[in-house]
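To start, the structure under review is shown below, and the notes come after it.
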Amino acid sequence: MAQINSHYLKLKSGYLFPEIGRRVSEFAQKNPAARLIRLGIGDVTRPLPDAVVKAGKAAFDELSRAETFRGYGPEKGYEFLRRAIAENDFKPRGVVVDPEEIFISDASKCDTANMQELFDQNCRVAIPDPVYPVYVDTNVMAGRTGSADGQGRYEGLHYLSSGPESGFLPQIPRERFDIVYLCFPNNPTGVVATKDELKRWVDYARANEAVIFFDAAYEAYITDEHIPHSIFEIEGASECAVEFRSFSKTAGFTGTRCAFTVVPRALMCRNSRGEKVALHALWHRRQSTKFNGVSYPVQRAAEACYSDEGKKEIRELIAYYMENAKFIHQTLSKMGFAVYGAINAPYIWLKTPHDTDSWGFFNELLHKAHVVGTPGAGFGACGEGYLRLSSFGSRADIAEAMERIRQIYDI
Ligand code: MLT
């Protein structure tokens, strides 16, 4: 019998969101009359912008005619989209990104998960806690860790613990690490890093020859004009960082699938002989071997996000969710909860009442209010005692969820 990759057996239970889904389905089966309000996984609910739909349909029409049919697309993605990204996402912020440094993909989740494959097994990895669980799990799968301890922390990974005392910002470690994951605006806490804070990370990475994996999937939700949207707004970052971006939360593409990763040509790592190797070439090699790209109609649909009509519709979408976030933040604060996030991110991070543990509070909300959140402990040991709510529901659902919570917890 074939022996499986034993590192997979080190993983704790299921991946967070399917695990929540399993518990919620079990509850729904036993309580068919309960109307659940789902503020758990950050899945958008508003329809795609018209500009996006029109462009996607037109592209399908092109594929239906022999003279405009296309088969496999270019490995990095179509130039029209990479150029639109460079011109609209980076240039207005004073960042020069060559379209050749942009790789179109189906998800930041996959790209953040796969990037570590390019690095040696013995690389020392630092990961914020709490944070998006994909970073930890994929390093476990890759065999870069030992087993998990009682808190669910894996031997061999370095956790950058953060809590309310540091404003949930991970602190720069004293030791040297080869790979550092950063996620701003942060999932799950919703906090952001200032230019000075990001500069300190870039300085650390350059001084230690480390690579920063910068996940900026929620940058479109930044409302404070002084907060950087890209790590490349910091001088020297193109020598030490890759950046992950997504159309999922920005333009409602969670079901449509399109994202991109910027791997600067200037970013050098070392081979086992200590010689410099460009990460850009290796990522290209990896993607062209293991990935077949995003479909042409979806790339045309993504390009339409940068048209005048698309930009306007996206601004409205984001404003809608951020209005929800503000309402949740205000309502829960008035009730006496300690609440974080929601200002530059679509997530609300709240302290559980009466020191209930995360899964306990998740269960209470599910059973008493029929509201689904995400237990903070699922994002790391430092998330214990917190719960994340997403603002991606409809206005009516959010209002009802807050009213149901108020009836139970006006603390
Ligand atoms: C989340 O809820 O954290 C995200 O939706 C998960 C994801 O984007 O994969």
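Both counts, for ligands and for their atoms, begin at 1 and track the order of listing.
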Item to complete: Quick one: look up the protein heavy atom nearest atom 6 (C) of ligand 1 and list residue, atom name and how far away it is.
Response: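 Closest protein heavy atom to atom 6 (C) of ligand 1: Tyr132 CE1, 3.7 Å.
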Fill in: Heavy-atom nearest neighbour in the protein, as seen from atom 8 (O) of ligand 1, with distance rounded to 0.1 Å
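Result: Lys249 NZ, 3.1 Å.
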Worksheet entry | Side-chain donor-acceptor contact under 3.5 Å, Lys290 with Asn114 |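 The answer is no; no qualifying pair exists.
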Item to complete: Report yes if the side chains of Arg35 and His370 come closer than 4.5 Å at any heavy-atom pair, otherwise no.
Response: no
Item to complete: Evaluate the side-chain proximity of Ile234 to Trp201: yes if any heavy-atom separation is below 4.5 Å, no if none is.
Response: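 Counting from C-beta outward, Trp201 and Ile234 never come under 4.5 Å.
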Any N/O of [X] closer than 3.5 Å to an N/O of ligand 1?
{"X": "Tyr218", "answer": "no"}
{"X": "Lys109", "answer": "no"}
{"X": "Phe17", "answer": "no"}

Ion pair present between [X] and [Y], side-chain N to carboxylate O less than 4.0 angstrom?
{"X": "Arg82", "Y": "Glu79", "result": "no"}
{"X": "Lys312", "Y": "Asp308", "result": "no"}
{"X": "Asp89", "Y": "Lys91", "result": "no"}

Item to complete: Heavy-atom distances under 4.0 Å are what count here, so tell me which part of Phe392 touches ligand 1: side chain, backbone, both or neither.
Response: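 The answer is neither; Phe392 stays 4.0 Å or more away.
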Worksheet item: Does the gap between the ring centers of Phe103 and His280 come in under 6.0 Å?
Response: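 Ring centroids of Phe103 and His280 are less than 6.0 Å from each other.
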With heavy atoms of [X] as the reference, note each atom of ligand 1 found under 4.0 Å away.
{"X": "Gly42", "result": "1 (C), 2 (O), 5 (O)"}
{"X": "Asn187", "result": "1 (C), 3 (O)"}
{"X": "Ile41", "result": "2 (O), 5 (O)"}

Worksheet item: Does ligand 1 have an atom under 4.0 Å from some heavy atom of Asp43?
Response: no
